[in-house]
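Below: one structure, written as structure tokens.
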Amino acid sequence: MKTILTGIKPTGDIHLGNLLGAIRPAIELSKSGEYERALYFIADAHALTTVRDPKAYKQYVYEIAATWIALGLDTTKAIFFRQSDIKEVFELAWMLSCMTPKGDMNRAHSYKDRVQKNKEDGKDQDQGINMGLYNYPVLMSADILLYDTNDVPVGKDQIQHVEIARSIAGRCNEYFGEGTLVEPQEIIQKQGAYIPGLDGRKMSKSYGNIIPLWASEKKLKKTINKITTDSSAPEEPKDPNNCLIMEIYRLFASSEQVKSLEQRYREGIGWGYAKAELFEVVNAYLSGPREKFNYLMENKNEIDNVLLDGASKAQAIADETMQRVRKAVTGF
Ligand code: TYM
């Protein structure tokens, strides 16, 4: 029995990086026939590390749910649920935190980066860092290990987190016997695992450089027009292999479209034209799902029903795992 699982944190402004690094590959993999079990969830407890407004919190949860459904997740086959509906994840997270050296958390990128930034700014190294952020990788390990997950499709920025989950599982198996926990593996796309944003850095809400998934057509066009380009003249030949626009274009266009645009690059193309081509393919991909997304956000009861069903299926798996793990760890 092979299991695939991934999660998205509901913090608002879901973007093209989330789609290409995680959601699209996860939906495709769930259809591949390789997995008996696919679990996809809204990592709402992780959002608590930053979100302080319950109204926004709730809205973000619905947005992530509507996103997966609008993009074609078959929720009759995959188990689709909200992380915090399954309370066992918090029990497992506590057990795992007791098996995790503090030093491993000190070395986790997201924490280390924040500490580094504080030091550069001359602040106390832990300023603004809550325990949720510090323990983030342990809760994420519990997410993965609770469902006996084999494969975790994620973008490059999450590799270390899956490695931590694997290492925690390995340690538990040493302490409590082989088979206590399944050791998971990350699945990284060859293309799409690291989508650059408008300015060329990783597309991320924290850099303010995202292309949002559900902006209106007009806003989408405006955002794509903001992609940073050099000042070369339209008639100058351009390298299609070293261009942000082309990098994203390749992930949405057909191979004929890619070939044709590459040719235009070599002949000389105005950046405005290249951006318009990119807008066309991205918009063509998103316009159907956008309607579905908007419909679901107006009909949240449909989302509630899907999540209720997903929670009951996820709960059954969590109950089984926790019985096994409690017995192995505590004897009870
Ligand atoms: P999150 O919500 O930040 O991102 C969701 C997914 O999108 C991917 N991603 C990207 N991929 C390519 N290019 C980008 N620019 C880009 N930006 C984001 C992320 O790698 C991720 O796969 N900690 C997780 C959520 C989580 C989780 C889990 C994931 C909680 N528990 C268990 C897998 C398994 C997170 O914050 O992802």
Side-chain angles (χ1 to χ4, degrees), residues 3-27 29 38-51 60-61 63-65 67-68 71 79-84 86 89-90 92-93 96 108-111 113 132-166 168-169 182 184-213 227 244 247-248 250-251 314:
T3 298
I4 185 168
L5 165 145
T6 201
I8 310 259
K9 196 170 50 178
T11 45
D13 281 336
I14 183 130
H15 57 75
L16 281 197
N18 303 136
L19 169 71
L20 300 166
I23 303 175
R24 191 165 82 174
I27 292 178
L29 284 164
L39 293 108
Y40 300 132
F41 67 94
I42 306 154
D44 62 329
H46 279 108
L48 274 184
T49 59
T50 55
V51 181
Y60 297 159
V61 167
E63 281 174 9
I64 299 292
T67 296
W68 280 93
L71 289 166
I79 301 175
F80 185 55
F81 65 106
R82 181 153 74 102
Q83 174 192 32
S84 63
I86 312 300
V89 78
F90 304 114
L92 183 59
L96 301 181
H109 296 317
S110 45
Y111 171 69
D113 292 351
L133 180 93
Y134 190 68
N135 285 325
Y136 191 107
V138 175
L139 181 58
M140 180 155 161
S141 298
D143 288 332
I144 297 171
L145 302 177
L146 184 58
Y147 303 98
D148 286 345
T149 304
N150 304 97
D151 291 348
V152 187
V154 280
K156 269 195 187 145
D157 60 324
Q158 297 295 319
I159 293 178
Q160 191 198 34
H161 285 151
V162 185
E163 285 169 353
I164 291 173
R166 183 160 61 244
I168 293 178
V182 173
Q185 190 67 46
E186 64 277 11
I187 303 266
I188 306 295
Q189 299 307 297
K190 280 200 195 74
Q191 282 182 324
Y194 185 91
I195 299 295
L198 300 172
D199 56 359
R201 292 185 295 172
K202 186 194 83 164
M203 187 178 291
S204 164
K205 204 184 147 193
S206 47
Y207 295 144
N209 66 356
I210 66 162
I211 303 180
L213 271 190
I227 294 178
L244 217 63
E247 203 174 326
I248 303 176
R250 284 198 185 90
L251 290 157

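Both counts, for ligands and for their atoms, begin at 1 and track the order of listing.
Annotation: ligand 1 has protein neighbours Leu5, Thr6, Gly7, Ile8, Lys9, His15, Gly17, Asn18, Gly21, Ala22, Phe41, Ala43, His46, Tyr136, Met140, Asp143, Ile144, Val152, Val154, Gly155, Asp157, Gln158, Gly192, Ala193, Tyr194, Ile195, Lys202, Met203, each with a heavy atom less than 4.0 angstrom from the ligand.
Across every non-hydrogen atom of Pro212 and Ile210, the tightest pair is CD-O, 3.6 Å.
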> Asn209 and Met203: side-chain contact (heavy atoms from CB on, under 4.5 Å), yes or no, with the steps?
Replying inline: CA-CA 6 Å; Asn209 66 356; Met203 187 178 291; 4.3 Å; yes
>> For Val152 and Ile4: C-alpha separation, side-chain torsions, deciding distance, then whether side-chain contact (heavy atoms from CB on, under 4.5 Å) applies.
In response: CA-CA 6 Å; Val152 187; Ile4 185 168; over 6 Å; no
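A donor and an acceptor atom, one from each side chain of Asp44 and Ser84, are located under 3.5 Å apart.
For Ala22, the side-chain contact (heavy atoms from CB on, under 4.5 Å) criterion is met by Ile8, not counting sequence neighbours.
We find the CD1-CG distance between Ile144 and Leu92 to be 11.0 Å, quoted to the nearest 0.5 Å.
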